[in-house]
Amino acid sequence: MKKFEFLCVTVALVASFVGANAQSIGAQRGEYLARAGDCVACHSVPGGKPFAGGLKMGTPLGAIFSTNITPDPETGIGSYALADFDRAVRQGIAPDGRHLYPAMPYPSYAKITDEDLAALYDYFKHDVAPVRQANRENEIRWPWNMRWPLVIWNAMFFDPAPYKPNPGYDAVWNRGAYLVQGLGHCGACHTRRGVAAQEKALDEKDPQFLGGGVLDGWTASSLRGDPNAGLGRWSEGDIVTFLKEGRNVHASVFGSMIDAYNNSTQFLTYDDFGAIARYLKSLPGADQGNEPVYAYNAATVDALNRGDVSAPGASTYLTQCASCHGRDGKGGGPLLPPLAGNPNVLAQDPSSVVNLVLNGAGRVVTHEVPDSYRMAPFRLQMNDQQIADVTTFIRNSWGNHAPAVAASDVSKLRDSTNMSSSRVILLKMR
């Protein structure tokens with residue numbers, strides 16, 4: 001072969017390799033961003049195809065169903081141009097002009113950069129398998145199903161500006177802020193909602209941001225520096241462990257966070273774990289100085305060891321709970337979480353503790369391996385007063401101090417919740 005021909009073939013092979021490698025890197029980046037945004041959790045159902053939609057989500061106005069975001073041209077987003085995808089994701093407006101309900105977290109996704117938005121579009125357009133599945137009609141009746149009020153809602157509560165790095169902090173902090181505020185949309189669960197169902201704050205400039213909220217029968221705990229019901233006693237390393245392993249010495253994932261962990265947070269890089277931890281640990285708590293910081297107290301375990309079960313709920317705890325969580329409330333190893341000092345136990349709102357006792361926990365899958373132990377449901381074994389007593393006992397033992405639980409609180413959650421089953425999708429995205 002002549003030198004010139006050899007050179008041409010070599011250049012062509014190199015160009016082909018570089019192009020294929022660039023495509024692969026682009027696909028991996030888009031997949032990673034979809035993981036970080038946890039798109040699969042809302043746009044998939046158990047037993048269904050990834051991203052084909054159909055998940056039923058309750059709202060104060062009625063149920064809505066997530067949509068098909070696979071590249072099917074008729075039932076999905078296959079006909080979307082980049083501009084259409086951009087308007088839907090970052091502005092909450094469908095190609096036909098319909099305003100999306102803010103159950104689609106576009107107030108958070110508005111912070112996504114142009115580059116990341118384009119990578120997400122390429123991923124959904126070219127790497128997700130198309131699924132022909134028609135979208136379900138929402139169960140919102142007239143006049144609440146009219147979309148024009150969302151124009152007013154957006155004018156009042158929506159900031160369309162993308163994330164702007166804060167020059168007062170370094171690149172690691174800013175990366176964490178970008179992930180938490182934008183793709184991760186952590187505030188959608190962990191920030192209280194106002195009368196119009198809006199998040200009361202969208203970034204750290206407002207102390208209400210990530211201060212905890214209640215959603216679908218679960219208490220999403222504070223992600224700020226609150227020493228008891230927040231992350232005040234957690235180190236950055238504790239946060240990294242929680243995001244990567246789904247548990248740490250303080251708590252374990254539960255409720256809706258199981259879906260976020262199973263399909264999103266554990267797949268992030270250690271650099272991003274560290275960035276998120278750095279950002280969260282910079283947020284001061286709301287109750288610092290207003291109540292004493294949790295400290296372990298052995299009085300409860302001493303009483304149980306003596307056979308003293310005179311406190312309401314103590315006998316139930318000893319027979320139903322102690323075998324996993326210990327008489328000392330410290331749990332058992334990495335798979336059985338502590339109750340002593342657990343921020344979810346110490347939360348003012350008892351919804352999560354009551355919900356877990358009523359309905360049990362979903363399945364946590366770490367590194368594609370299902371957990372060995374799960375919290376069992378007790379809604380059939382215990383009545384409302386028994387659950388109220390044992391949860392009150394847990395919330396006021398081993399140094400815990402939290403408001404008592406009433407039987408009426410349990411009754412409301414019993415009526416509004418069903419037996420828990422984790423939506424383990426464990427998406428093989430490529």
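Predicted model, so just to flag it, every value in this text is computed and none were measured.
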Can a side-chain donor-acceptor contact be found between [Y] and [X] if the only test is distance below 3.5 angstrom?
{"X": "S351", "Y": "N355", "value": "no"}
{"X": "N396", "Y": "N400", "value": "no"}
{"X": "H250", "Y": "D238", "value": "yes"}
{"X": "Y279", "Y": "N174", "value": "no"}
{"X": "S256", "Y": "D259", "value": "no"}

I want to check something: taking the side chain as every heavy atom from C-beta on, are [X] and [Y] in contact at a cut-off of under 4.5 Å?
{"X": "V128", "Y": "Y123", "answer": "yes"}
{"X": "M57", "Y": "C42", "answer": "yes"}
{"X": "I64", "Y": "I140", "answer": "yes"}
{"X": "E236", "Y": "L280", "answer": "no"}
{"X": "L358", "Y": "V354", "answer": "yes"}
{"X": "K111", "Y": "P162", "answer": "no"}
{"X": "V131", "Y": "T75", "answer": "no"}
{"X": "E199", "Y": "S108", "answer": "yes"}

Looking at every heavy atom in both [X] and [Y], which two are closest together, and how far apart are they?
{"X": "H43", "Y": "T67", "value": "ND1-O, 2.8 Å"}
{"X": "D84", "Y": "P95", "value": "CB-CG, 3.9 Å"}
{"X": "K200", "Y": "R193", "value": "CE-O, 3.6 Å"}
{"X": "S252", "Y": "F242", "value": "C-CE1, 3.7 Å"}
{"X": "Q320", "Y": "M382", "value": "CG-CE, 3.9 Å"}
{"X": "G217", "Y": "L413", "value": "CA-CD2, 3.9 Å"}

Does any N or O in the side chain of [X] come within less than 3.5 Å of the main-chain N or O of [Y], such that one atom is a donor and the other an acceptor?
{"X": "D371", "Y": "V364", "result": "yes"}
{"X": "R233", "Y": "P227", "result": "yes"}
{"X": "T70", "Y": "G76", "result": "no"}
{"X": "R395", "Y": "A347", "result": "yes"}
{"X": "N263", "Y": "D38", "result": "no"}
{"X": "N359", "Y": "L356", "result": "no"}
{"X": "Y261", "Y": "T366", "result": "no"}
{"X": "N248", "Y": "A251", "result": "yes"}
{"X": "N135", "Y": "N68", "result": "yes"}
{"X": "S397", "Y": "I394", "result": "no"}

Give the ring-plane orientation class for W173 versus Y169, where under 30° counts as parallel, over 60° as perpendicular and anything between as tilted. parallel

In terms of relative ring orientation, are F51 and F124 parallel, tilted or perpendicular, with 30° and 60° separating the classes? perpendicular

Consider salt bridge (charged side-chain N to carboxylate O under 4.0 Å, His left out). Of D170, D271, D272, which one does R278 pass it with? D170

Checking R90 against Y109: charged group under 6.0 Å from the ring centre and within 45 degrees of the axis? no

Does [X] have more than 12 heavy atoms from other residues, nucleotides or ligands lying within 6.0 Å of its [atom1]?
{"X": "H401", "atom1": "NE2", "result": "no"}
{"X": "K125", "atom1": "NZ", "result": "yes"}
{"X": "K244", "atom1": "NZ", "result": "yes"}
{"X": "M146", "atom1": "CE", "result": "yes"}

May I ask you to say whether [X] pairs ionically with [Y], meaning some side-chain N is under 4.0 Å from a carboxylate O?
{"X": "R29", "Y": "D116", "answer": "yes"}
{"X": "R192", "Y": "D349", "answer": "no"}
{"X": "R224", "Y": "E204", "answer": "no"}
{"X": "D96", "Y": "R98", "answer": "yes"}

Between [X] and [Y], is the ring centre distance below 6.0 Å?
{"X": "F158", "Y": "Y106", "answer": "yes"}
{"X": "W234", "Y": "Y294", "answer": "no"}
{"X": "F85", "Y": "Y80", "answer": "no"}

